[in-house]
> 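My structure is below; once you've seen it, I'll send some questions.
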Amino acid sequence: MRKLLCITAHPDDEAGAFGGTLLVYGERGVQTSVVCLTAGTAARNRGTSRSNEELAELRRREFAASCRVLKVAHGEVLDYPDAKLDRVELYRAAGDLALRIREIRPQVVITFGPDGGLTAHLDHAMAGLFATMAFEWAGRPDRYPEQLQGGLTPHRVQKLYYATSDFILTDRQPIAPPPVTARIEIGKERFARKNEAFRQHTTQTPLFDRVRKNLEHSTSTTEMYHLAATSSPREATLESDLFEGVEDE
Ligand SMILES: [Zn+2]
């Protein structure tokens, strides 16, 4: 079975950054999963919540609703501190993600690049770095051997992609985006569903207008990626399918 794992930083990234791609592959019978590192409790927009715990609870529910719209088979929100992923120990976070990779066993992983994506968010950059090390280490029996004691085996993901784009937002911190090597056409209908998924994050309603503006700036029915690593050496070519060249195990 073909499987796609998406690693994000905040509830709503799965919709805003990866929503169209998750829909495309879900429709093709690929089992899609999202692992989100934080519950997004550093958000300025806090809905009706009166505490971080209440906000975490709300945002986890919104994440689950968004995953339903995106037909994501497995969604999980971890408990890392929002807005502080650059202070998190790499060994621990990469280990948590390596464990998910060894359990889910995807052929393809999508995440953010070290630029932090269009918004240049530090948490996005860190999620991408943790995911990158997890991609490398999940396949090595010498990394996190304690995970392998209960019957779990190392898993080599075949392809790792960073979300990227062919434009930048000028009102953000400067970024150096990885070059586009894959373009996924999501079409108008999926674009509408992606927005619908984003709107499930009702605590973030005040952000909707800004996000809509960002999306209009782009060729909005295309999501772009950079092929960052593969389990078998190759030259980069422009792709229109993230599973191009993936071998069934
Ligand atoms: Zn985010």
Side-chain angles (χ1 to χ4, degrees), residues 5-23 32-47 49 52 55-67 69-70 72 75-88 93 96-97 100 109-132 134 161-165 167-169 171-175 177-178 194-215 217-218 220 223-226:
L5 170 62
C6 175
I7 296 174
T8 67
H10 315 110
D12 75 19
D13 294 339
E14 78 291 342
F18 304 98
T21 303
L22 289 168
L23 280 166
T32 57
S33 302
V34 178
V35 174
C36 175
L37 284 161
T38 83
T41 54
R44 231 165 310 160
N45 304 302
R46 307 180 66 84
S49 67
N52 277 349
L55 181 58
E57 179 59 32
L58 277 177
R59 298 207 68 184
R60 282 171 193 277
R61 257 185 273 147
E62 293 169 355
F63 173 83
S66 166
C67 283
V69 173
L70 297 173
V72 168
E76 185 181 8
V77 178
L78 305 184
D79 210 15
Y80 283 94
D82 187 14
K84 292 196 184 99
L85 285 184
D86 57 338
R87 314 294 166 91
V88 164
D96 274 342
L97 295 176
R100 268 61 181 191
V109 168
I110 55 177
T111 187
F112 292 104
D115 60 333
L118 268 184
T119 60
H121 200 303
L122 281 181
D123 282 346
H124 296 173
M126 295 313 299
L129 290 179
F130 297 148
T132 301
Y161 287 95
Y162 296 150
T164 191
S165 61
F167 65 92
I168 52 170
L169 301 175
D171 58 346
R172 297 284 182 156
Q173 292 295 318
I175 56 166
K194 166 179 172 166
N195 280 326
E196 189 193 329
F198 197 87
R199 284 196 303 273
Q200 303 305 307
H201 296 277
T202 49
T203 56
Q204 304 309 301
T205 303
L207 285 182
F208 291 174
D209 276 343
R210 186 169 186 186
V211 170
R212 196 172 312 123
K213 207 181 81 201
N214 289 352
L215 290 173
H217 193 291
S218 67
S220 52
E223 289 179 352
M224 288 169 253
Y225 292 91
H226 172 78

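We count residues from 1, following the sequence as given. The model shown is predicted, which means the values in this text are computed figures rather than measured ones. First listed ligand is number 1; within each ligand, the first listed atom is number 1.
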> Hey, is Arg59 close enough to Asp12 for a salt bridge, meaning N to O under 4.0 Å?
yes
> What's the atom name of the N, O or S in His10 nearest to the Zn ion (ligand 1)?
ND1
> Under 3.5 Å, is there a donor-acceptor pair linking the side chains of Glu223 and Thr21?
yes
> So, of the N/O/S atoms that Asp13 has, which is the nearest one to the Zn ion (ligand 1)?
OD1
> For side-chain hydrogen bond (donor to acceptor under 3.5 Å, both in side chains), just list the numbers for Tyr80 and Asp96, CA-CA rounded to whole Å, side-chain angles, deciding distance to a tenth of an Å, and then say yes or no.
CA-CA 11 Å; Tyr80 283 94; Asp96 274 342; 2.5 Å; yes
> Restricting to N, O or S atoms of His124, which is nearest to the Zn ion (ligand 1)?
NE2
> Can a salt bridge be assigned to the pair Arg60 and Asp79 using a cut-off of 4.0 Å between side-chain N and carboxylate O?
yes
